[in-house]
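Worksheet: one structure, shown below.
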There are 2 protein chains.
Amino acid sequence: MSVTGNAANLSVCALQFKAETAVRQDNENGRKQPAPIDTTTGPDGGGRLQPSSIDVARLAGVSQSAVSRAFTPGASVSKKTREKVIAAARELGYQPSILPRILVTHRSHLVAIVIGGMYNPYYAKIFEQFTRQFQAQGYQVLVFFVDHNEYFDAAIPLIMRYRVDGIISALSIMSTEAADECAQMRIPVVLLNGRQQNKWVSAVCCDNVEGGRAVANLLFQKGGTRFAYIAGNETLANTDREQGFIGRLKELGVEDVEIAKGNFHYEGGYEAARALFAKSNRPDAVFCANDLTAIGAMECARAEYGLRIPDDVMIAGFDDATFSSWPSYSLTTVRQNGPEMVDAAIAALKQRWQEGTASGGKLRLVPGTLCERKSTDRQVGS
Amino acid sequence: MSVTGNAANLSVCALQFKAETAVRQDNENGRKQPAPIDTTTGPDGGGRLQPSSIDVARLAGVSQSAVSRAFTPGASVSKKTREKVIAAARELGYQPSILPRILVTHRSHLVAIVIGGMYNPYYAKIFEQFTRQFQAQGYQVLVFFVDHNEYFDAAIPLIMRYRVDGIISALSIMSTEAADECAQMRIPVVLLNGRQQNKWVSAVCCDNVEGGRAVANLLFQKGGTRFAYIAGNETLANTDREQGFIGRLKELGVEDVEIAKGNFHYEGGYEAARALFAKSNRPDAVFCANDLTAIGAMECARAEYGLRIPDDVMIAGFDDATFSSWPSYSLTTVRQNGPEMVDAAIAALKQRWQEGTASGGKLRLVPGTLCERKSTDRQVGS
DNA sequence: TCATAAAATGCATAGCTATGCAAAGTCAAG
DNA sequence: CTTGACTTTGCATAGCTATGCATTTTATGA
């Protein structure tokens, strides 16, 4: 049982992985040697590109187990073996694949993030925070861009097939069918800025209602008289902000709030404002569904009607996007507490993983912060 | 060989996957039946959560192959069998895992996108374009956020382990070691806005030099007399833009261009501008490494020095970010042709996959587009 | 030096799907 | 009713790693 049998096998591998220095005589002390590995994969076995642990084992003159152990932190390997293996691995350009491990453990350490788009920098930021957090905790992120909720439904089977350990959805809405399907698949889902819940679906949501109420308070206190709301698409976030705003105003005795239709985009805000400000009794206190919309409204107010902000009209938004604090806008807004929401969402996922069972969905409401800036900084009582 | 053996086995599975209706007698026509599947995995076999094709096969009373074929579009299955399988799969919440397929085919249809951050909306946009394109073509994207290039080097082994088919790096710089390591691993890499190349690394780069030259032409033609450049971090993109700008000005007879140090962020532009405009002979034509920097410089010029744009100072940027076209800025800039760069990068990857071999790196230079806006719209000859 | 404990190593296998191959069924034509 | 062509089905296996178990080697202590 000399090592020559190995050497013969090695020549096959050598061609493929340039392991010219493959012939080694490591039995200086007559140590136990692994039996020749009889994998009969030819050098051209169907587009085979990456070396396997067996290739490394051959080259290092050890068993496949030893290779595996050399790459497993706490495993039982001698220093010498580990060094041989690492050297061989480096030579072949080998890193152990995680796929078989996933197969065995049923834990992929993959998380799917489903998101509608990055037009809103706030979502880009949130996405980055999520991904960095997951990375730091040993999870990797698969991204899925999905335009509408119907498409999300369609994407679920695909996501399933990757055996992700969880799904973070920034789509806010989730159809009941989709929720059921995820439950059926036993994949925990966390909705960002959504409120659906079932056995496998949790939600983390900015307190949009309270945010809307805070803006109502501010605009009222600052002397607003004719109020308007520029809406976003029909989502929970939009409805809650609107209801909070209108509801609080009603409490303050303001019955008449004009609603304009926007779409969460700059252009939507601009167009809505164009219609709003064209009227005879134009509003002097406008709350917008998000910051992009608010910026659009501001630009329109200035460019098309020569209005001064906040003197002629006060404007407030939601999110606290990067550009909102830039001096040209200095937009009053409700900051969504991104890091806290991200942490809460990840915590919700982890809880599911630890519990193992479906524990019933939970809703975590994260308060926002009112950021007062110049766009509403009117002298009261003037 | 009746079906009772199966039924006995099924009860085990029934508990686990709620397949209460599992007992079926599908041998109405005495068809061939698969032998009882002897997988002795108990219901609590170590955190086993997801059903496998074998579970579905049991429930449907067919073989595992039949299940696989039922989910494979062109495969040879009778309609009846497929329906039975689909029904069983729905009942159990089953979708075939793609992991074993990856193991066998050595094609993961996974692509890693490595990116430094999303603070610049332009990168967020590019990222979205990439991901959508890949998705549309049957690939999924794994995201890796990496702060510095050293971290990229450290991340490569991790990326490797996912057996991605390719890497898109938006980091622009790539250390030689990292490039070598990717080559060693035989993973094709495409650098966005980088120019490194080796056997496995290609690059797609905006023509930054030409962009810088175009801005130089414009600012000179518009009557600029004292020129300045606010730099970004030390990247290829920055150097090229700077060199193009300075080089062209020199050709036009302008020797003296002041260089200020920025960092591609808003704040960097703001601070650099503060120093720049404090001097006695302040510049009247400033080119910034990117749009964020330019906006920072604009805000500073207005807020801290009361300068009018473009009358007192012209400012230009690079990227054409969303906010650059907003009226408050109306920033002249060089638009990077995002879609074309994305397509080129993906094409480069695909070419590698088709060729199979390392074909030597290629550099694709994509021209940008000068977008003239008000920030440089000075009346010439006034 | 020897016996015993500890460390290192190799073997065999689980985990899941796709697929080549052979066997069995189906159908049509003669 | 028989034969041959075609369709459908099941069996067995590749693909790669981690790990329990048994075995061999090394270290420790008397």
Side-chain angles (χ1 to χ4, degrees), chain A residues 1 29-42 45-57 60-82 84-85 94-108 161 163, chain B residues 1 26 29-41 45-57 60-82 84-85 94-108 161 163:
Chain A
M1 289 292 176
N29 51 4
R31 234 188 173 292
K32 179 171 61 174
Q33 295 288 338
I37 297 166
D38 60 348
T39 313
T40 40
T41 312
R48 191 172 187 247
L49 284 169
Q50 313 253 357
S52 75
S53 60
I54 296 183
D55 297 311
V56 177
V62 299
S63 72
Q64 181 269 329
S65 331
V67 176
S68 174
R69 283 190 254 260
F71 281 96
T72 307
S76 168
V77 217
S78 70
K79 200 176 169 188
K80 192 185 290 182
T81 301
R82 172 165 275 144
K84 275 196 292 185
V85 169
Y94 169 83
Q95 285 289 135
S97 164
I98 49 152
L99 305 178
R101 185 178 170 68
I102 298 176
L103 231 51
V104 175
T105 61
H106 297 279
R107 289 294 300 271
S108 65
R161 300 185 58 159
R163 294 295 185 260
Chain B
M1 289 291 176
D26 276 355
N29 52 4
R31 235 189 174 293
K32 179 172 59 174
Q33 295 287 338
I37 298 169
D38 61 347
T39 313
T40 41
T41 312
R48 191 172 187 245
L49 285 169
Q50 313 254 356
S52 74
S53 59
I54 296 183
D55 297 311
V56 177
V62 299
S63 72
Q64 180 270 328
S65 330
V67 176
S68 174
R69 284 191 254 261
F71 279 95
T72 308
S76 166
V77 217
S78 70
K79 200 175 169 189
K80 192 184 290 180
T81 300
R82 171 166 274 144
K84 274 196 292 185
V85 169
Y94 169 81
Q95 284 289 133
S97 164
I98 49 152
L99 304 178
R101 183 178 172 70
I102 297 176
L103 231 49
V104 175
T105 61
H106 296 278
R107 290 293 301 272
S108 66
R161 301 185 57 158
R163 294 294 184 261

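All chains are named by letter (A, B, ...) in the order of the sequence lines, taking the proteins before the strands, and each is independently numbered beginning at 1.
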Taking side-chain hydrogen bond (donor to acceptor under 3.5 Å, both in side chains) as the test, write out the residues that go with A:T72, two or more places apart.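 side-chain hydrogen bond (donor to acceptor under 3.5 Å, both in side chains) check on A:T72 returns nothing, list empty.
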Mind checking side-chain hydrogen bond (donor to acceptor under 3.5 Å, both in side chains) for B:S97 and listing every partner two or more places apart, or none if nothing turns up?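 For B:S97 there are no side-chain hydrogen bond (donor to acceptor under 3.5 Å, both in side chains) partners, ignoring immediate neighbours.
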Would you indicate, yes or no, if [N] has its OP1 or OP2 atom less than 4.0 angstrom from a side-chain nitrogen or oxygen of [X]?
X      : N      : value
A:S63  : C:dC11 : no
A:R82  : C:dT9  : no
B:H106 : D:dA14 : no
A:T81  : C:dT9  : yes
A:R101 : D:dT19 : yes
A:S97  : D:dC16 : no

Interatomic distance where [atom1] belongs to [X] and [atom2] belongs to [N] [whole Å]:
X      : N      : atom1 : atom2 : answer
A:I98  : D:dC16 : CD1   : P     : 15 Å
A:Q50  : D:dG15 : CD    : C1'   : 13 Å
B:Q64  : C:dA18 : CD    : P     : 8 Å
A:Q95  : D:dA18 : CD    : C1'   : 16 Å
B:I102 : C:dT17 : CD1   : P     : 13 Å
A:D55  : D:dC16 : CG    : P     : 8 Å
A:K80  : C:dA7  : NZ    : P     : 18 Å
B:I54  : C:dG15 : CD1   : C1'   : 9 Å

Axis deviation across the helix from C:dT1-D:dA30 to C:dG30-D:dC1, five-pair ends, to the nearest 10°: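 Rounded value for the end-axis angle: 30°.
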Pair B:L103-A:L103, side-chain contact (heavy atoms from CB on, under 4.5 Å): steps then yes or no: CA-CA 10 Å; B:L103 231 49; A:L103 231 51; 4.1 Å; yes
By nearest nucleotide on DNA chain C, pick out whichever of A:S65 and A:K79 is the more 5' one.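 This one resolves to A:K79.
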Judged by atom type as modelled, is there a donor-acceptor pair below 3.5 Å linking the side chain of B:S108 to the main-chain atoms of B:R163?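 Yes, the answer is positive, given that a donor and an acceptor are paired below the 3.5 Å cut-off.
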Nearest heavy-atom neighbours spanning [X] and [Y]:
X     : Y     : value
A:V85 : A:V56 : O-CG1, 3.8 Å
A:Q64 : A:S53 : CG-OG, 3.1 Å
B:Y94 : B:P51 : CD1-O, 3.4 Å
B:A70 : B:R82 : O-NE, 3.1 Å

Spacing of A:D55 atom CG and A:Q50 atom CD [to the nearest 0.5 Å]: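 So the CG of A:D55 and the CD of A:Q50 are separated by 11.0 Å.
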From C:dT19, D:dG15, C:dT9, nucleotide with atom closest to B:V104 side chain: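 Selected nucleotide: D:dG15.
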For DNA chain D, determine which residues of residues 66-74 of chain A have any heavy atom closer than 4.0 angstrom to one of its atoms, and list them numerically.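 Per residue number, the list reads A:S68, A:R69.
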Return whichever of A:L103 or B:S78 has its heavy-atom-nearest nucleotide of DNA chain D closer to the 5' end.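 It is B:S78 whose nearest nucleotide is closer to the 5' end.
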Once side-chain contact (heavy atoms from CB on, under 4.5 Å) is applied, do any residues pair with B:I98, and if so which ones, sequence neighbours excluded?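 B:I98: side-chain contact (heavy atoms from CB on, under 4.5 Å) contacts with A:R161, A:Y162, B:I102.
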